[in-house]
Amino acid sequence: MSEKSYRDAIRDAMMEEMDRDPNVLIMGEDIGVYEGTFRITAGMLKKYGGKRVIDTPIAEAGMVGTAVGMAMLGLRPIVEMMTMNFAIVAADQILNHAAKVRYFSGGQVDVPVVIRGPQGAGVQLSAQHSQTFESFYAHFPGIKVVAPATPADAKGLLKTSIRGRDPVIFLESAALYGMKGEVPDDPNFTVPFGVSRVAREGSDVTIVSYSRMLQMSLIAAEKLSQDEGIECEVIDLRTLRPLDLEPAYASVTKTHRCVVVQEQWKPFGAAAEIAASITETVFDELDAPVARVTGEDVPMPYARNLELLATPHEQHVIAAVKKVMYANG
Amino acid sequence: MSGDIPREHALHLLREMLRIRLFEEKCAELYGEEKIRGFLHLYIGEEAVAAGAMQSLTKDDAIVATYREHGHALVRGISANAVMAEMYGKVEGCSRGRGGSMHIFSAAHRFYGGNAIVGGGLPLAAGIALADKLRGVSHVTACFFGDGAVAEGAFHETANLAALWKLPLLLLCENNLYAMGTALERAQSETDLARKAAAYRIPSTSVDGMDVLAVEAATRAACDAIRAGAGPQFVELRTYRFRAHSMFDPDRYRDKSEVGRWKERDPIMTFTAFLRGRGDIDDAGLDALRKEIESEIATAVAFAEAGQWEAVSDLTKFVYSERPLAGRAS
């Protein structure tokens with residue numbers, strides 16, 4: 001084990017896989033000479049050269065489509081999006097091509113492409129640079145959607161993404177890049193997809209989340225424990241597709257109350273899918289309707305006071321937990 | 001048409017064009033009988049393009065095509081059986097009935113679709129070309145697309161990347177003058193499409209797409225240049241579809257007289273006349289050729305008719321590389 005930042009864990013995962021498999025390469029905007037907007041790819045051009053660390057023009061559809069074509073031939077391209085907000089420009093290549101070509105060809109090609117980059121709000125980047133995309137991508141069959149909450153998971157899940165045979169949308173929380181945590185050093189360490197984990201044990205309320213909201217939920221759970229004596233069990237989904245809700249069902253069977261936390265808009269979001277699945281599957285166990293904590297239904301504003309109002313915080317989770325316990329006075 | 005082409009090769013070109021024509025006519029008939037459903041885009045009138053352009057490609061070269069791709073698939077060597085069964089939606093189809101008319105696909109033939117988004121195949125083709133280049137093999141990737149695709153961002157991003165990275169990419173623009181129902185001059189600020197590619201420093205030519213020999217010569221020169229390391233090449237093939245855009249299209253946007261004028265330049269009719277003039281083929285030879293092709297198509301229809309539907313349990317097979325985890329009953 002070593003203490004690593006979420007950022008370094010992502011870089012380590014890529015470099016270990018590039019060392020392991022000559023078919024792995026990375027492409028994106030300003031990843032080579034510039035060394036990455038968030039410094040994720042620092043040192044990689046020097047180590048691997050321009051054939052495996054490919055600077056592209058600002059042409060998201062072209063670069064993603066090119067990566068999909070390469071993946072169909074057996075290469076394993078990683079596409080770094082400067083931010084996931086820009087990947088929408090390549091949505092046709094991701095959703096109409098990468099996600100579907102295996103199926104519409106009757107299983108003739110693998111598409112081992114990883115599209116990764118930062119997402120999320122918090123540093124006043126306003127409407128076009130603050131979005132989260134898990135609900136958007138997880139709607140479509142054919143792609144896998146990953147949203148790690150810790151440095152260890154960032155590394156282990158990214159290595160699984162790179163080694164896989166399917167297109168992966170790998171969503172990094174920009175706000176977590178500096179977060180540190182223990183990460184296994186074993187180059188064969190991976191984290192499988194579709195295996196949720198219990199991040200905190202508790203008996204009163206189940207909180208289900210992922211990525212940065214998982215970390216926020218853990219803080220809320222500690223406050224609830226200290227201030228109210230309420231013990232929350234916190235489930236980290238890790239991947240949205242495939243989605244493993246078994247630990248959530250088991251937890252709700254124990255707690256009978258559930259809160260789902262996501263960063264962005266409530267309508268048609270990941271929290272809605274999770275809450276509906278819980279209601280469908282363990283309805284008889286519930287002592288209260290499943291509550292959702294989400295961002296406000298607005299494009300992200302610039303002004304700090306407005307941005308704070310538009311994003312979920314610990315007090316929203318605490319209020320939702322109290323609500324499902326009918327403990328709001 | 002120039003007269004120095006060997007008889008054997010000339011007859012091969014005629015045969016390939018006629019295979020496409022008769023196959024497509026059969027498809028139209030089967031659509032009327034509701035044997036083929038969904039969208040059906042016929043290549044009738046444009047046969048010289050696929051038949052001519054494919055001659056300079058080897059089996060190691062790759063092809064990316066559009067949703068009007070039955071002809072390309074047949075010339076590439078995908079069996080009429082597999083193509084017809086796909087249109088029937090049968091499991092014996094080349095894409096196991098999951099793609100249909102718009103997604104004819106055969107990785108074994110390096111035929112990577114059958115792509116149903118206008119311009120969508122272009123970046124994929126660039127990636128296939130880049131993969132081959134990175135591996136140090138000298139294969140060409142040929143990408144077919146229509147005039148409509150030249151208005152898409154994907155065309156311009158691909159042209160820029162291909163020229164910037166000197167990709168072994170053959171850009172084959174099938175200009176049939178209509179982006180579905182919108183005439184070229186109503187869709188493009190610059191109607192000389194070769195100039196658009198030339199703006200990216202891609203060597204570009206335009207050729208009469210109704211003349212199979214001209215198509216073959218132009219694409220062979222472009223292929224040779226790519227194999228010599230000159231990077232991407234663009235060939236505009238000026239052609240015309242005789243049928244509507246798809247079977248749903250009432251075709252109200254073209255004058256009948258315009259269609260009639262183009263039909264006078266029918267690539268099969270004119271090439272047949274050329275071959276007759278040279279004494280390469282006569283009525284009996286034509287009749288025999290036609291019968292042979294009709295027999296191939298009849299066999300394909302029988303094969304498709306006899307095919308099986310995919311097992312219900314396999315509906316979700318091939319969404320991912322493994323079967324999805326079994327969900328809880330809900």
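Letters go in sequence order (proteins before strands), and every chain restarts at 1.
Only the backbone of A:F140 has a heavy atom closer than 4.5 Å to any heavy atom of chain B. For A:I143, the part sitting under 4.5 Å from any heavy atom of chain B is the backbone (N, CA, C, O) and nothing else. With a 4.5 Å cut-off on non-hydrogen atoms, B:L164 touches chain A through its side chain but not through its backbone. Heavy-atom distances place no part of A:K100 under 4.5 Å from chain B, backbone and side chain included.
The distance from the CG atom of A:L73 to the CG atom of B:L130 is 10.0 Å, given to the nearest 0.5 Å. Distance CD/B:E157 to OG1/A:T56: 9.5 Å, rounded to 0.5 Å. B:I117 CD1 to A:N96 CG: the interatomic distance, rounded to the nearest 0.5 Å, is 4.0 Å. Between B:R135 atom CZ and A:K51 atom NZ the span is 13.0 Å, to the nearest 0.5 Å. Residue B:T158 holds its OG1 atom at 12.0 Å from CE of A:M63, rounded to the nearest 0.5 Å.
The environment of NZ in A:K254 is crowded: more than 12 heavy-atom neighbours from other residues, nucleotides or ligands sit within 6.0 Å. With a 6.0 Å radius and a threshold of 12 heavy atoms from other residues, nucleotides or ligands, A:F86 has its CZ atom above the threshold. Other residues, nucleotides and ligands place no more than 12 heavy atoms under 6.0 Å from the CD atom of A:Q128. In this structure, B:H109 places its NE2 atom where more than 12 heavy-atom neighbours from other residues, nucleotides or ligands lie under 6.0 Å away.
No side-chain heavy atom of A:S105 sits less than 4.5 Å from a side-chain heavy atom of B:H103. The shortest distance between side-chain heavy atoms of A:L25 and B:L134 falls below 4.5 Å. In this structure, the side chains of A:V68 and B:P123 stay at 4.5 Å or more apart for every pair of heavy atoms.
The greatest number of non-hydrogen atom pairs below 4.5 Å with chain A, out of B:G153, B:A129, B:G127, is found for B:G127. Between chain B and the residues A:P57, A:G164, A:A98, the largest count of heavy-atom pairs under 4.5 Å involves A:P57. Taking chain A as the reference chain and counting heavy-atom pairs below 4.5 Å, the highest number among B:A126, B:A107, B:G99, B:G120 is found for B:G120. Counting heavy-atom pairs closer than 4.5 Å to chain A, the top-ranked of the candidates B:L124, B:V91, B:I104 is B:L124. Comparing A:L245, A:L75, A:N23 by how many heavy-atom pairs each has under 4.5 Å with chain B, the most go to A:L75.
A distance-only check finds a donor-acceptor pair linking the side chain of A:Q108 to the backbone of B:F105 [under 3.5 Å]. A donor-acceptor pair under 3.5 Å is formed between the side chain of B:Y320 and the backbone N or O of A:G142.
Heavy-atom minimum distance, A:P141 versus B:V319: CB-CG1, 3.9 Å.
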For B:W165 and A:T66, what are the C-alpha separation, side-chain angles and deciding distance, and is it a side chain to side chain contact (heavy atoms under 4.5 Å, CB included)? CA-CA 12 Å; B:W165 294 339; A:T66 300; 4.3 Å; yes
One pair to check against side chain to side chain contact (heavy atoms under 4.5 Å, CB included): A:M70 and B:I128. What are the steps and the verdict? CA-CA 5 Å; A:M70 286 195 281; B:I128 291 165; over 6 Å; no
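Seen from the ring of A:F104, B:R98 does not count as a face-on cation partner, given the 6.0 Å and 45° thresholds.
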